[in-house]
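Below is one structure, written out as structure tokens; the observations come after it.
Proteins come first, then strands; the chains are lettered A, B, ... in the order of their sequence lines, and each starts at number 1.
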2 protein chains.
Amino acid sequence: MAGVSRATVSRVINDSPKVSPAVRATVEAAIAQLGYVPNRAARSLVTRRTDSIGLVVSEPEALVFSDPFFAGIVRGVSGALADTSMQLVLVIAQTAGQRKKLEQYVLNGHVDGVLLVSLHGDDPLPAGLAAAGVPAVLVGRPVRDVPLTWVDADNRGGATAAVRHLLGQGRRRIATITGPQDMSAGVDRLDGYRDALPGPDAALIEIGDFSEESGVRAMTALLDREPGLDAVFAASDLMAAGALRALRAAGRGVPDEVAVIGFDDSIIARQTDPALTTVRQPVNELGREVTRRLLEMIGTGDAPAPGLVLPTELVVRGSA
Amino acid sequence: MAGVSRATVSRVINDSPKVSPAVRATVEAAIAQLGYVPNRAARSLVTRRTDSIGLVVSEPEALVFSDPFFAGIVRGVSGALADTSMQLVLVIAQTAGQRKKLEQYVLNGHVDGVLLVSLHGDDPLPAGLAAAGVPAVLVGRPVRDVPLTWVDADNRGGATAAVRHLLGQGRRRIATITGPQDMSAGVDRLDGYRDALPGPDAALIEIGDFSEESGVRAMTALLDREPGLDAVFAASDLMAAGALRALRAAGRGVPDEVAVIGFDDSIIARQTDPALTTVRQPVNELGREVTRRLLEMIGTGDAPAPGLVLPTELVVRGSA
DNA sequence: TTGAAAGCGCTACCAT
DNA sequence: ATGGTAGCGCTTTCAA
């Protein structure tokens, strides 16, 4: 229609500098009129790029999706991808079989790069990706050392700020309900708690899994063991909500008798009674930043930059 | 490696019946040993299929992601896709420009089929897809008639059940906070309310947008207009939570003075004080079923089956 | 600055 | 039941 060769059309589409302005205009007009859209598969076949990135959630628990954290990440990622021609492929593996397929899929160049979310310490995927040279960025600091970039919220600092807030209110027996210790978010938030409390008491630490039920269980155990506690820092809002419930069941007043702080500033933090004092993470920025890094890696093929920690912020509400 | 031609390998991979068992075994062994995975782009180029479906969220509000409803859908969809070779592509369009790109993307065969979520009445996309013959299934009944299949929860029945529950408790001035009236979930839940209340009073109806803030606003307006109301049915848990807050601010006791029922049975329903009586939707099944339908349409190219309504269930907690 | 043509890896048709 | 091979739509040399 434009009276030029396929090669020229291709150059126009790919913004090649060596096309005369006149020809470019003609071709663009033809493209517009025909509503022509390049065939992705054909292009992909020759360029060996797929123009898509995978958001990989390799997590046995179905929990992740309901998690506001994940929702924020998706929003950030998709926002950063919006004015790109990149597509977002959601790759989810819950069973062992699916994880195997996932690995093959990702390692075989079906996506140009990978964003890894909700990593557990024993997951072999990051190392595999790094070894295979697949561009990949982690959402959250890896527990074990991996030659991949990552972006994380300042979990440790946020936890410390939370505990200091409790100390500042005169609380002296401050317990904590941790996240899973095979995830950096779990480890770091516990480390932050320890930072603020020199010589912490092991009896004041109970391990949870971020879920509300685990919060109930942990709080119950803590009250049993340490009836004199006057505050608790939970490593997730969900666990804090569970703790609230257990405290109510035990007849303890919040925040008078026991102060409670959560983590995430998720939507439930404002619904509990009293509303949760909590630590906000910049989830959107996190999603944006991991995407930016991944796109850069894909573009330049460059070595991974060092990890980046984004600041967290204490949000004070009624529970502490 | 197997000592056969590419054609035979292709037949093995595509489960062609005309391959001798012996050869098939040899080829499969070679495939396993080489870790060979077919190139998706090349295959796509010749088959004109992409082996991926799009989950299209064409919604100006960022709200959707935080919505537990959406999370459940994603889980259902990805579950139904798990033992398939289909990939899930998340297509999100928030701005007008993105919506335009989305339309082109989808209409140009970049996915084999489309799942549409969170549809507003004025969205031209469903009709466009139907006209273009792109397999598509709607999550939720369309407001305007569209020649596409859909699967929805029984919003109307659920709302009726909720209001009947209130009537059964002796409530007589039952107000409602509706969802947006350009979405079927908003319309149907209002219709269900009307079904249970012969000759409803327009003063008892206030329109919201599913968000918590709109719940606060609507409840405040209702109290202002109808101080004598003794119950309110909100078309979402978020709005119910907002209503709870407004009621507390107004000094009304829940459920004694005013009973409250929400919709969705989302995670916040158990966190509010009192916990929300609400209507549960089978989100997971919804996701599964739309996916099943889409896969069938893609497979057979068949005409759309009639819409399907999945039952909802009243979950009684403290607020009513 | 433009065009001709080779091939990307696969499937599907036609032979055998 | 198997192999040979054309060709899917595009990008990218290489020539002109």
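Side-chain proximity of B/Asn39 to the nucleotides D/dG9, C/dG9, D/dT2 is greatest for C/dG9. With D/dC8, D/dT2, C/dT2 as the candidates, the nucleotide lying closest to the side chain of B/Val19 is D/dT2. Distance from the side chain of A/Leu45 is smallest for C/dG9 among the nucleotides C/dG9, C/dA5, C/dT11. Of the candidates D/dT2, C/dT1, C/dA4, the closest approach to any side-chain atom of A/Ala7 belongs to C/dA4. Ranking D/dC8, C/dT2, C/dG9 by closeness to the A/Thr8 side chain, first place goes to C/dT2. For B/Ser5, the side-chain atoms get nearest to D/dG3 when compared with the rest of D/dG3, C/dT2, D/dT2. Checking D/dA1, D/dG7, C/dC8 against every side-chain atom of B/Val46, the shortest atom distance belongs to D/dG7. Among the nucleotides C/dC13, C/dT2, D/dG9, the one closest to the side chain of B/Arg11 is C/dC13.
Side-chain N/O atoms of B/Ser20 include one lying less than 4.0 angstrom from OP1 or OP2 on D/dT2.
Across the interface with DNA chain C, nearest-nucleotide mapping of A/Val23 and B/Ile13 shows A/Val23 to be the residue nearer the 5′ end.
Although no hydrogens or angles enter the test, the distance criterion places no donor-acceptor pair under 3.5 Å between the side chain of A/Glu289 and the main chain of A/Gly287.
Atoms OH (B/Tyr36) and P (C/dT11) sit 6 Å apart, rounded to a whole Å. For the pair A/Arg40 CZ and D/dG9 C1', the computed distance is 14 Å after rounding to whole Å. Between the CG atom of B/Asp51 and the C1' atom of C/dT11 there is a distance of 13 Å, given to the nearest Å. Per the geometry, NZ belonging to A/Lys18 stands 16 Å off P belonging to D/dA16, to the nearest Å. Atom C1' of nucleotide C/dG9 and atom CG of B/Leu34 are separated by 15 Å, given to the nearest angstrom. For A/Arg43 and D/dC8, the CZ to P distance is 19 Å, given to the nearest whole Å.
For the residue pair A/Asp209 / A/Ser211, a side-chain donor-acceptor distance below 3.5 Å is found, with atom types taken as modelled.
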Exercise for the section: Evaluate the side-chain hydrogen bond (donor to acceptor under 3.5 Å, both in side chains) criterion for residues A/Gln281 and A/Asp264: first the C-alpha distance (whole Å), next the side-chain angles of each, then the deciding distance (0.1 Å), finally the verdict. Expected result: CA-CA 6 Å; A/Gln281 322 186 51; A/Asp264 287 343; 2.8 Å; yes
Problem - CA sep, side-chain torsions, deciding dist, call: B/Tyr105, B/Val89, side-chain contact (heavy atoms from CB on, under 4.5 Å) - result: CA-CA 12 Å; B/Tyr105 179 77; B/Val89 179; 4.0 Å; yes
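Considering A/Asp188, A/Asp154, A/Asp152 in turn, A/Asp188 is the only one that fulfils the salt bridge (charged side-chain N to carboxylate O under 4.0 Å, His left out) rule with A/Arg141.
Among the heavy atoms of the strands lying under 4.0 Å from A/Ser10 is at least one base atom, whether or not backbone atoms are also near.
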